K.L.:
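Pasting in a structure now, in structure tokens, and then I'll have a few things to ask.
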Amino acid sequence: MIKSQLKKRVDTCFQLGIREGFWSEAAAERYTVEVPKHEEQGDFSTNLAMVVAGMDKKNPREVASRLVDMLASDKDFIDRLEIAGPGFVNFFLKDEVWRTVLDPVLENEAQFGLADIGAGKRVMVEFVSANPTGPLSIGHGRNAILGDSIARLLEAVGYDVTREYYFNDAGRQMRVLGASTRARYLELLGKESEFPEDGYQGDYIYDIARAMIAESGESLKDADVMVFKDYAKAAIFRDIDNTLKKIGITFDTYYNEHSLYEEGLVDEVVRDLRSKDLVYEKEGATWFKTTVLGQEQDRVIIKSSGEPTYRLPDIAYHREKFRRGYEWMIDIFGADHIATVPDVLAGVRALGLDETKIDVILHQFVTLLRDGKQVKMSTRKATFITVDELLDEVGPDVLRFFFLMRKADSQLEFDLDLATRQSQENPVYYVQYAHARLCSIERQAAEKNIAPKPPGKASLEYLVEPEEYRLLKTVAGYPALVAGAAQDLAPHRIIFYLMDLAGQFHSYYNKHKVLSDDENMTAARYCLCRAIKIVFRNGLNLVGLRAPESM
RNA sequence: GGGCGGGUAGCUCAGCUGGAUAGAGUGUUGGCCUCCGAAGCCAAAGGCCGCGGGUUCGAAUCCCGCCUCGCCCA
């Protein structure tokens, strides 16, 4: 807000400079106004002079001094200007400008930081999408938390978000699940059974089989695999759902891959691609001419066995997303799905749809560290750690926080030793503690009969400490942070912001007493603290974390 | 062999469209509770930003080559 006000003033000067013939318009939209890395370089800084100089072959410091002359009259807003380094113009704003940031925070409270850049546009976030063959692994956990947080961010900036879970309960995987369950069922009954070679070895299959025995006894001993498949599927879905609920994740819609076949949508894709001459038969299989669309090689879409490859339903599914009216589609996948992405996008493009409306977030893998050593996991042998187990150890807040601490592109090392520490070094508590402390200040104030005052009546000129202005500036940056994190689909930035704000606040708290004998100073500091508390609560809630009032 | 993602402090990682002197947590060392919550604070040490070239006023950031780790395809 403050930044955009300043940017407007700089833009005006830039236009004026063009009219005066100081420079050309070549630099329009290319220069920026930023917060510099070091405080002594000002509240803000612009590279306008260097960009203009580069385009027009002028001396940057001369351009800078023209700009400074034009801005110098703005005495109400700008306290001081300087030309520095290779030609930066640094801005030092009036203190009272910074004091205006508290008003919108306290006025809007929970709404502070929300925006309407989405303008109600419909966006779908598809995530988790794990087939019901077993409990969620920690990889799914990262996917789930990333997807949900991105959805929350988009909601915060005004998009109409649908969370969708896509699954397939028909394929070979599911038959193997049914066979595995039946084998365990018979085994538990002491009957002869043959466990499938590539069966699911996890103990959860025993649990499901036990439940079936408890319900139906031996009556299913001659039942078809399908019976076991359906039972196992339902049980596993319940399980997944429960796990997700524990981290505060729910879905708006579930989409079954099978319905694509039932409704003939898969065949339709083949037909449409064929009519565009993008499909041919070779060696009994049906091929998609992806080479025509710029890919390395053509791809099989229907195997010689008549079974489609994953590409075909994926293309049909994405076409359905378009047909259902979504203007922006976000897919959250693990890195192992990388191969499918270009083919699906090529298919979408071939069908005449705008593939730039699809954004794919590929997150890298999670490794687990316990006692300083990497925990070995194998999906086949079911020796992987589940989200549920992790939740039991660390709880939902720590899980969310740790999974959001890294950007999606980075591999994530989950340090259980750090995560399970209930105190001290754990960054989750560091941030939450800041909020709890602020709540404690409020409780203290109430006990001392100190009433909260609105910024207009709180003698804000008593805010004089450098720490207080740093805090004001950080608070002021919150709305832009949210908007940026949402548009770049980067929830980790919220986490880093909160850790920074917590550090600043703890430091301030230790150095300066908020509630003191000085009535005016108390009013001003208390006002600042209430604003900071609001930002903590909003920021934590924004990514699904709790803001505890005490710990 | 090809594609994608990494390589930044001892360790785990930020660094948004190129900007000024490279950032955090953790670890190490030393200090701070008579005082709004010590789950906290302060201070110190710690860096050829994988390597080599290029682009330019300016590169951790962009381009090319190479090394290396992870994932995927063959």
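Scope of the values below: all heavy atoms of this structure, side chains included, with no hydrogens, waters or symmetry mates. Chain identifiers are assigned alphabetically (A, B, ...) following the order of the sequence lines, protein sequences preceding nucleic acid strands; residue numbering begins at 1 within each chain. These figures come from a predicted structure and were not determined experimentally.
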K.L.:
Take atom C1' in B/rG19 and the same atom in B/rU56, then report the distance between them in whole Å.
P.N.:
12 Å

K.L.:
Provide, to the nearest angstrom, the distance between the OH atom belonging to A/Tyr509 and the C1' atom belonging to B/rA39.
P.N.:
13 Å

K.L.:
Does A/Phe496 reach a base, just sugar-phosphate, or nothing at all? Heavy atoms under 4.0 Å.
P.N.:
sugar-phosphate

K.L.:
Under 4.0 Å: is that the gap between some side-chain N or O of A/His38 and OP1 or OP2 of B/rG23?
P.N.:
yes

K.L.:
For A/Ser550, which contact category applies under a 4.0 Å heavy-atom criterion: base, sugar-phosphate, or nothing?
P.N.:
base

K.L.:
How close or far is atom P of B/rG25 from atom CZ of A/Phe414, stated in whole angstroms?
P.N.:
20 Å

K.L.:
Whole angstrom is fine here: how far is it from CZ in A/Phe365 over to C1' in B/rG6?
P.N.:
14 Å

K.L.:
If I take atom OH in residue A/Tyr429 and atom P in nucleotide B/rA39, what distance separates them, rounded to the nearest angstrom?
P.N.:
13 Å

K.L.:
Can you tell me the Watson-Crick or wobble partner of B/rU17, both distances under 3.5 angstrom?
P.N.:
none

K.L.:
Check whether any side-chain N or O of A/Thr46 sits under 3.5 Å from a backbone N or O of A/Thr32 as a donor-acceptor pair, and report yes or no.
P.N.:
yes

K.L.:
Hey, does the side-chain of A/Asp500 have a donor or acceptor N/O within less than 3.5 Å of a partner on the base of B/rA14?
P.N.:
no

K.L.:
A/His512 near the nucleic acid: base, sugar-phosphate alone, or nothing, with a heavy-atom cut-off under 4.0 Å?
P.N.:
base

K.L.:
When all nucleic acid strands are considered with a 4.0 Å heavy-atom cut-off, which category describes A/Thr340: base, sugar-phosphate, or nothing?
P.N.:
nothing

K.L.:
Quiz question: going by heavy-atom distance under 3.5 Å, is there a donor-acceptor pair between the base of B/rG5 and the side chain of A/Asp409?
P.N.:
no

K.L.:
Given that both distances must come in under 3.5 Å, which nucleotide forms a Watson-Crick or G-U wobble pair with B/rG25?
P.N.:
B/rC11

K.L.:
For B/rG37, take OP1 and OP2 only and decide whether either is under 4.0 Å from a side-chain N or O of A/Tyr430.
P.N.:
no

K.L.:
What nucleic acid atoms does A/Asp415 come within less than 4.0 Å of, heavy atoms only: base, sugar-phosphate, or nothing?
P.N.:
nothing

K.L.:
Ignoring backbone atoms, test whether A/Arg30 places a side-chain nitrogen or oxygen under 4.0 Å from the OP1 or OP2 oxygen of B/rU17.
P.N.:
no

K.L.:
In the structure shown, which nucleotide is the Watson-Crick or G-U wobble counterpart of B/rC4, with both distances under 3.5 Å?
P.N.:
B/rG70

K.L.:
Output the rounded distance in Å from CG (A/Asn510) to P (B/rG37).
P.N.:
12 Å

K.L.:
What class does the angle between the rings of A/Tyr430 and A/His506 fall in, given that below 30° is parallel, 30 to 60° is tilted and above 60° is perpendicular?
P.N.:
tilted

K.L.:
Indicate whether OP1 or OP2 belonging to B/rG37 is found under 4.0 Å from a side-chain N or O atom of A/Gln444.
P.N.:
yes

K.L.:
May I ask you to verify if any side-chain N or O of A/Lys407 is less than 4.0 angstrom from the OP1 or OP2 atom of B/rG15?
P.N.:
yes

K.L.:
Taking only the P atom of each, what is the distance from B/rG18 to B/rC13 in whole angstrom?
P.N.:
26 Å

K.L.:
Would you tell me if any nitrogen or oxygen in the side chain of A/His492 comes within less than 4.0 Å of OP1 or OP2 on B/rG15?
P.N.:
yes

K.L.:
Students often get this wrong, so: under 4.0 angstrom with heavy atoms, is A/Gln487 touching a base, only sugar-phosphate, or nothing?
P.N.:
nothing

K.L.:
Can you tell me if A/Thr32 touches the phosphate of B/rU17, counting only side-chain N or O atoms and a distance under 4.0 Å to OP1 or OP2?
P.N.:
no

K.L.:
Rounded off to whole Å, could you give me the CD1-to-P distance for the A/Ile338 and B/rG3 pair?
P.N.:
12 Å

K.L.:
Would you kindly give the CD-to-P distance between A/Gln374 and B/rC11, to the nearest whole Å?
P.N.:
15 Å

K.L.:
Please determine, for B/rC41, whether a Watson-Crick or G-U wobble partner exists with both distances under 3.5 Å, and give it or none.
P.N.:
B/rG31

K.L.:
Expressed in angstrom and rounded to an integer, what is the separation of A/Lys37 atom NZ from B/rA24 atom C1'?
P.N.:
14 Å

K.L.:
Assign the ring pair A/Tyr31 / A/Phe14 to parallel, tilted or perpendicular, where the plane angle (0 to 90°) is split at 30° and 60°.
P.N.:
tilted

K.L.:
Once you apply a heavy-atom cut-off of 4.0 Å, does A/Ala335 come out as touching a base, just sugar-phosphate, or nothing?
P.N.:
sugar-phosphate

K.L.:
If the glycosidic angle is within 90 degrees of 0 it's syn, otherwise anti, so just tell me which one B/rC33 is.
P.N.:
syn

K.L.:
In terms of ring plane angle, is the pair A/Tyr478 and A/Phe112 parallel, tilted or perpendicular, where the classes change at 30° and 60°?
P.N.:
parallel

K.L.:
Assign A/Asp343 to base, sugar-phosphate, or nothing according to its heavy-atom contacts below 4.0 angstrom with the strands shown.
P.N.:
nothing

K.L.:
Could A/Arg370 and A/Glu393 be called an ion pair, given the rule that one side-chain N must be under 4.0 Å from one carboxylate O?
P.N.:
yes

K.L.:
Return the orientation label for the A/Tyr508 and A/His512 ring planes: parallel under 30°, perpendicular over 60°, tilted otherwise.
P.N.:
tilted

K.L.:
Charged N to carboxylate O below 4.0 Å: is that the case for A/Arg493 and A/Asp488?
P.N.:
yes

K.L.:
Does a distance-only test, which skips hydrogens and angles, find a donor-acceptor pair under 3.5 Å between the side chain of A/Ser410 and the base of B/rA14?
P.N.:
no

K.L.:
Which sits closer to the 5' end of RNA chain B, A/Met50 or A/Ala339, going by the nucleotide each is nearest to?
P.N.:
A/Met50

K.L.:
Is a side-chain donor or acceptor of A/His140 paired with a backbone partner of A/Ser137 at a separation under 3.5 angstrom?
P.N.:
yes

K.L.:
Tell which nucleotide pairs with B/rC48, taking only Watson-Crick or G-U wobble pairs whose two distances are both under 3.5 angstrom.
P.N.:
none

